[in-house]
Amino acid sequence: MSAIRRCALAAALAGAVTFSLPLVGAQNPVVTSLTLFAGSPAGLWRSGDWGGRWERVRPGATRTILPLGPRVFVGNEDGVLVSEDFGQGWTEVVVGTPVLAVLPSRYPQSDPTVFAGTGTGLLKSDDGGRSFRPTALGETAVHRLEWPGPALVIATGRGVVVSEDAARTFHPAGEGLPAGEVRALALSSFFAVDPVLFAGVADAGVFRSRDGGRTWSASGLEGHAVHDLVWLGPILYAATDRGLFRSEDAGAKWARLGEGMAGRAALRLMFPLAPSSGAEAFLGTDDGVFRTTDGGLHWT
């Protein structure tokens, strides 16, 4: 845990909560219902007991983590790592640039598309992540990816970009969003019929779009650098450089959360049991990984 704390400036947090059986016959069985992954500049870490103890499974800076059952995608300083067994073994695809975000199709058995956001643009794989090629979106960092279908929503160094055809073409930037890097996105659960989304822009706070990114308006937390946004039902959470905030009215008003979090930058927030429960959460910070069991009121 101390190594994560010392090197957590680029911390990312993700959870493999699949509630399946341990890997039969493995030398060190993985209890998947209790497995968490955390990334830092010191490497990729795994906990097999819901964050009680951590082991480093890969050295080297980790930029993003996406567990999907036994398959785990990791973006590092040079490409994409893929594990098919909860992080026991890894295959690396070198792309020659830091990978900041990874997102496969929601239907990998029929659509093997995988997108990778890098420091210099968006890459696309048509073979399940075994190889990647450039798309028309280049010369900007790609920090976050959301693909509710058919829209692909992309948080970049130059704002929010939307594609309706799997990254072949892109809509012009929407009006009302200030210039600056977008590092956080949160979309409506029914985006195809309710195209509402929130974005965190540089240190300008949170912005909201009601029309799929065509127009934007300010939605609070001005002067805060927003690193992550999570939208659970009526409640919107924002992890910022000044701590964790919650809004119960879609960003009209915000309240600071987190006894035990004073003075810490909140970087990545995860509710591993959502949507069944929003009480349990993990938070990656500049001082390690924190856990709450009461929806963010208290942290340890």
Side-chain angles (χ1 to χ4, degrees), residues 12 14 64 66 100-106 113 115-117 121-122 135 137 140-222 224-240 244-254 266-271 274-275 278 281:
T64 187
L66 181 64
L100 313 179
V102 180
L103 185 65
S105 162
R106 290 178 297 169
T113 301
F115 290 104
L122 180 67
T135 69
L137 182 60
T140 184
V142 173
H143 296 289
R144 294 294 178 89
L145 297 164
E146 296 286 349
W147 195 7
L152 173 66
V153 185
I154 309 166
T156 80
R158 299 197 299 260
V160 176
V161 176
V162 179
S163 173
E164 299 286 351
D165 53 14
R168 286 188 289 273
T169 62
F170 300 91
H171 293 309
E175 298 179 358
L177 197 68
E181 286 197 327
V182 177
R183 293 182 174 271
L185 285 175
L187 276 62
S188 163
S189 299
F190 307 99
F191 190 78
V193 295
D194 179 31
V196 176
L197 68 150
F198 292 89
V201 185
D203 60 357
V206 178
F207 286 77
R208 178 179 182 175
S209 173
R210 300 176 183 269
D211 52 16
R214 293 181 176 85
T215 59
W216 296 85
S217 59
S219 197
L221 296 182
E222 295 84 355
H224 293 67
V226 179
H227 302 298
D228 199 10
L229 290 165
V230 176
W231 195 1
L232 295 181
I235 301 176
L236 182 66
Y237 294 86
T240 82
L244 183 66
F245 292 81
R246 180 174 70 185
S247 173
E248 298 183 3
D249 51 14
K253 293 180 292 186
W254 292 88
L267 301 177
R268 192 66 61 88
L269 178 64
M270 179 191 68
F271 290 86

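Among residue pairs with one or both ends in residues 170-217, those qualifying as ring pair (Phe, Tyr, Trp, His ring centres under 6.0 Å) are Phe198-Trp231; sequence neighbours excluded. Among residue pairs with one or both ends in residues 172-181, those qualifying as salt bridge (Lys or Arg N to Asp or Glu O under 4.0 Å) are Glu181-Arg183; sequence neighbours excluded. Counting only residues at least two apart or on different chains, the ring pair (Phe, Tyr, Trp, His ring centres under 6.0 Å) pairs with a member in residues 141-163 are Phe115-Trp147. A salt bridge (Lys or Arg N to Asp or Glu O under 4.0 Å) check over residues 142-154, counting only residues at least two apart or in different chains, returns the pairs Arg144-Asp228. Among residues at least two apart or in separate chains, side-chain hydrogen bond (donor to acceptor under 3.5 Å, both in side chains) pairs with a member in residues 152-164 are Ser163-Asp165.
Scored by the side chain to side chain contact (heavy atoms under 4.5 Å, CB included) test, Ala266 finds Ala239, Leu283 as partners (sequence neighbours excluded). Residues satisfying the side-chain hydrogen bond (donor to acceptor under 3.5 Å, both in side chains) test with Ser188, not counting sequence neighbours, are Asp194. With sequence neighbours excluded, the residues satisfying side-chain hydrogen bond (donor to acceptor under 3.5 Å, both in side chains) with Thr215 are Asp211. Residues satisfying the side chain to side chain contact (heavy atoms under 4.5 Å, CB included) criterion with Ala101, sequence neighbours excluded, are Leu145. A search for salt bridge (charged side-chain N to carboxylate O under 4.0 Å, His left out) contacts involving Arg208 returns nothing, not counting sequence neighbours. The side-chain hydrogen bond (donor to acceptor under 3.5 Å, both in side chains) test applied to Thr113 returns Asp111, not counting sequence neighbours.
Shown here for Leu122 and Thr135, the closest heavy-atom pair between the two residues is O-OG1, 2.8 Å. When all heavy atoms of Gly251 and Ser247 are compared, the pair lying nearest together is N-OG, 2.8 Å.
Leu177 is not listed as a side-chain neighbour of Ser209, based on a closest heavy-atom distance of 4.5 Å or more. Side-chain contact between Leu100 and Thr64 is absent, with no heavy atoms from C-beta onward closer than 4.5 Å.
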